[in-house]
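First the structure, in the form of structure tokens, and then the observations on it.
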Amino acid sequence: MTLFSAGPFQRRLLRWYTAHQRDLPWRRSKNPYHIWVSEVMLQQTQVATVVDYYRRFLQAFPDIGTLAVAELQDVLKLWEGLGYYARAANLHKAARQIVAGGKKRVPRTPETFGRLPGVGDYINAAVSSIAFGHPLPVVDGNVKRVLARLFLLDEPVNRPSNHRVFLEKARLLLAFKDPGTFNQAMMELGALVCKPGRPLCDQCPVASFCGAHQAGRVTDFPRRLAARKNPHHHLAVGLVKKGNRFLIVRRPATGLLAGLWEMPGGRVEKPENPADACCRAVLESVGLTVFPGPRLARVAHAYTHFKITMDLFACDVVSGRVKRNGYQAHHWIRMKDIGQYPFHRAMHKAFAALAGALPP
DNA sequence: AAATCGGGGTT
DNA sequence: AACCCAGATTT
């Protein structure tokens with residue numbers, strides 16, 4: 001391939017970015033903490049999804065000190081529905097580490113910032129370049145796609161060992177004068193023009209530099225390894241009532257949906273019927289012997305690596321008192337209290353089904 | 001190096 | 001349905 005000239009590429013890209021960039025709330029701020037929060041929320045999450053969460057989060061936690069003294073429950077409540085809840089826990093933990101070290105601001109050097117929980121190579125490069133001007137290239141999903149097309153890179157983008165290939169190309173292109181703006185321009189190009197399905201090459205400011213475009217092979221890139229099929233799981237959970245209250249439990253601090261609340265339950269094992277599975281799972285997880293009532297709801301939900309069907313059964317307590325196994329906490333609450341707790345999406349679907357089945 | 005970790009939008 | 005998204009951490 002001919003020698004790639006970074007200067008003209010950068011000028012074309014940056015001129016396009018100046019004219020076409022979206023007006024996003026975090027681009028109106030120079031506060032490093034704001035930039036940081038936005039980058040964490042934007043991890044594997046589209047811009048349109050993040051905007052409202054970003055505003056609400058910064059209204060509640062306007063600075064690192066405020067976040068550090070907050071309860072994790074309250075941080076998770078503001079993260080509710082956004083997914084990848086370890087991001088919230090790590091951000092919260094990082095804020096506490098900064099305050100515990102006698103500071104109240106984002107570390108200005110990549111070496112220090114990069115040691116905080118939840119700060120990997122991408123977020124370190126993004127915050128360090130955008131907020132502090134450090135010349136570190138960012139490589140996210142958008143940038144990988146742009147680079148694969150620009151340089152006809154055959155390496156599958158979803159193979160971890162190929163990451164360094166993309167990082168080296170990004171480093172070659174990086175504009176040292178204003179690396180933060182350049183990095184954002186590369187990502188914006190991927191999001192608005194160099195899109196996965198139908199790239200808008202006729203609107204692309206750097207099409208004349210693009211190997212895939214010149215070769216008429218834009219849709220051949222990026223290459224990717226085939227994903228394997230997702231398994232399906234059947235879950236059964238109980239609406240366990242005591243008077244006018246029902247039981248909710250808080251999931252463990254690590255793993256799937258860490259720290260979120262739900263109704264107790266578990267997997268439906270092979271020969272089992274869902275109602276029996278519900279009773280068994282309630283007994284195993286909270287120590288209550290319950291008798292199954294009617295099925296109140298059936299919810300379908302998809303996670304990244306599996307799908308679930310979740311059945312919700314009314315349950316009457318026969319005997320026992322709560323003895324938790326695995327869960328962090330339990331509360332007996334009324335339906336009007338559910339807004340006080342962070343629940344995962346499948347649980348919200350169940351609540352919605354209940355509201356529809358039992359109109360007021 | 002692969003698996004895990006959400007949820008929603010797009011095609 | 002499969003793919004994709006301003007990835008990080010654990011195994």
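Everything numeric here is computed off the predicted structure, so don't read it as measured data. Chain A is the first sequence line, chain B the second, and so forth, proteins listed ahead of strands; every chain is numbered from 1.
- Screening Arg27(A), Gln21(A), His20(A) for a side-chain hydrogen bond (donor to acceptor under 3.5 Å, both in side chains) involving Glu188(A) leaves a single residue, Arg27(A).
- Regarding contacts with the backbone of dT4(B), every side-chain N or O of Tyr303(A) stays at 4.0 angstrom or more from both OP1 and OP2.
- When distances run from any side-chain atom of Arg145(A) to the nucleotides dC5(C), dT4(B), dG6(B), the shortest one goes to dC5(C).
- Listed nucleotides dC3(C), dA6(C), dG7(C) differ in distance to Leu42(A); the shortest reach to its side chain belongs to dA6(C).
- Remark: ring of Tyr122(A) does not overlap the six-membered base ring of dG7(C) in a stacked fashion, as centroids less than 5.5 Å apart with planes less than 30° apart are not both met.
- Here Arg22(A) does not reach the OP1 or OP2 of dA6(C): none of its side-chain N or O atoms lies under 4.0 Å away.
- Residue side chain Arg27(A) reaches the base of dA6(C) through a donor-acceptor N/O pair under 3.5 Å, judged by distance alone.
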Distance-only donor-acceptor pairs under 3.5 Å for side chains of residues 237-245 of chain A, two or more places apart:
| from | atom 1 | to | atom 2 | distance (Å) |
| --- | --- | --- | --- | --- |
| Arg245(A) | NH1 | Trp332(A) | O | 3.1 |

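- Side chain of Ser129(A) to backbone of Ala126(A): a donor-acceptor contact under 3.5 angstrom is found.
- DNA chain C forms stems at B:1-5 with C:7-11, B:7-11 with C:1-5, each a run of 3 or more consecutive Watson-Crick or G-U wobble pairs whose two key distances fall under 3.5 Å.
- Two residues, Arg159(A) and Phe306(A), neighbour DNA chain B, and the one matched to the more 5' nucleotide by heavy-atom proximity is Arg159(A).
- What separates CG of Asn230(A) from C1' of dC4(C) is a distance of 14 Å, to the nearest Å.
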Would you be so kind as to tabulate the donor-acceptor pairs closer than 3.5 Å made by side chains of residues 58-66 of chain A, with sequence neighbours excluded?
| from | atom 1 | to | atom 2 | distance (Å) |
| --- | --- | --- | --- | --- |
| Asp63(A) | OD1 | Gly65(A) | N | 3.2 |
| Asp63(A) | OD1 | Thr66(A) | N | 2.8 |
| Asp63(A) | OD1 | Thr66(A) | OG1 | 2.6 |
| Asp63(A) | OD2 | Thr66(A) | OG1 | 3.4 |

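- Nucleotide dG8(B) holds its P atom 13 Å from the CG atom of Asp52(A), rounded to whole Å.
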Give every pair of a protein N or O atom and an N or O atom of nucleotides 9-11 of chain B that lie under 3.5 Å apart, one pair per line with the distance.
| from | atom 1 | to | atom 2 | distance (Å) |
| --- | --- | --- | --- | --- |
| dG9(B) | O4' | Gln46(A) | NE2 | 3.4 |

Name every donor-acceptor pair, under 3.5 Å, that has one atom in a side chain of residues 111-121 of chain A and the other anywhere in the protein, sequence neighbours excluded.
| from | atom 1 | to | atom 2 | distance (Å) |
| --- | --- | --- | --- | --- |
| Thr112(A) | OG1 | Thr109(A) | OG1 | 3.0 |

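- The environment of Arg164(A) atom CZ is sparse: at most 12 non-hydrogen atoms of other residues, nucleotides or ligands sit within 6.0 angstrom.
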Kindly give the atom pairs (protein nitrogen or oxygen, nucleotide nitrogen or oxygen) under 3.5 Å for nucleotides 9-11 of chain C.
| from | atom 1 | to | atom 2 | distance (Å) |
| --- | --- | --- | --- | --- |
| dT9(C) | OP1 | Gly118(A) | N | 2.3 |

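- Aromatic ring orientation, Tyr303(A) versus His301(A): perpendicular (interplanar angle above 60°, classes split at 30° and 60°).
- Not a single donor-acceptor contact under 3.5 angstrom links the side-chain atoms of Thr45(A) to the base of dG7(B).
- Because its NZ or CZ atom is not both nearer than 6.0 Å to the ring centre of Tyr84(A) and within 45° of the ring axis, Arg87(A) does not count as a cation-pi partner of that residue.
- In this structure, Tyr53(A) has its ring center no closer than 6.0 Å to that of Trp79(A).
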